[in-house]
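Read the structure below first, then the notes.
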Amino acid sequence: YIIIITSRTKFVKFDIGVRKMNINYLKFILIKRNLSIYKLSKLSGINDGRLNQIINNKTKSPQIQTVVKIAKALELTDAEFAELCDYNVN
């Protein structure tokens, strides 16, 4: 899958079909924002059991739709989304 995210001044392209999600970064964001898996579940519309599987690394590569739902629920910036997808944007 290829996703193109646009911002005001640039286009950022990610090929997230190749890499896995950065679970540690997701955990960091949840802690930083004082959000539980249950709260993220309510914000994203993703079942909390499914989120538990992702966070406990029982799902190696979540579907792109799942990653996008998480990113939207957390209102991630382009750079934060790239980090969540385990990409570095320079």
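Given the structure is predicted, the values throughout are model-derived calculations rather than measurements.
- Take Asn22 and apply the side-chain hydrogen bond (donor to acceptor under 3.5 Å, both in side chains) test, not counting sequence neighbours, and it matches Glu83.
- Closest approach of Leu51 to Ser44, counting heavy atoms only: CD1-OG, 4.2 Å.
- Listed by first then second residue, pairs satisfying salt bridge (Lys or Arg N to Asp or Glu O under 4.0 Å) with a partner in residues 23-37 read Arg33-Glu80, not counting sequence neighbours.
- Annotation: side chain of Leu84 is not in contact with side chain of Leu74 (no heavy-atom distance under 4.5 Å).
- Remark: Asn52 CG to Ile37 CD1 distance equals 4.0 Å, nearest 0.5 Å.
- The side chain to side chain contact (heavy atoms under 4.5 Å, CB included) test applied to Thr66 returns Ile46, Ile54, Pro62, Gln63, Ile70, not counting sequence neighbours.
- By the 4.5 Å heavy-atom criterion applied to side chains, Asn56 and Ile23 are not counted as neighbours.
- Residues Phe28 and Leu30 fall within the same hydrophobic cluster, defined by Ile, Leu, Val, Met, Phe, Trp and Tyr side chains chained together at heavy-atom separations under 4.5 Å.
- The salt bridge (Lys or Arg N to Asp or Glu O under 4.0 Å) contacts involving residues 65-77 comprise nothing, where partners must be two or more places apart or lie in separate chains.
- Within the structure, salt bridge (Lys or Arg N to Asp or Glu O under 4.0 Å) contacts touching residues 39-55 (residues at least two apart or in different chains) do not occur.
- Residues Cys85 and Val67 form a side-chain contact, since some pair of their non-hydrogen atoms from C-beta on lies under 4.5 Å apart.
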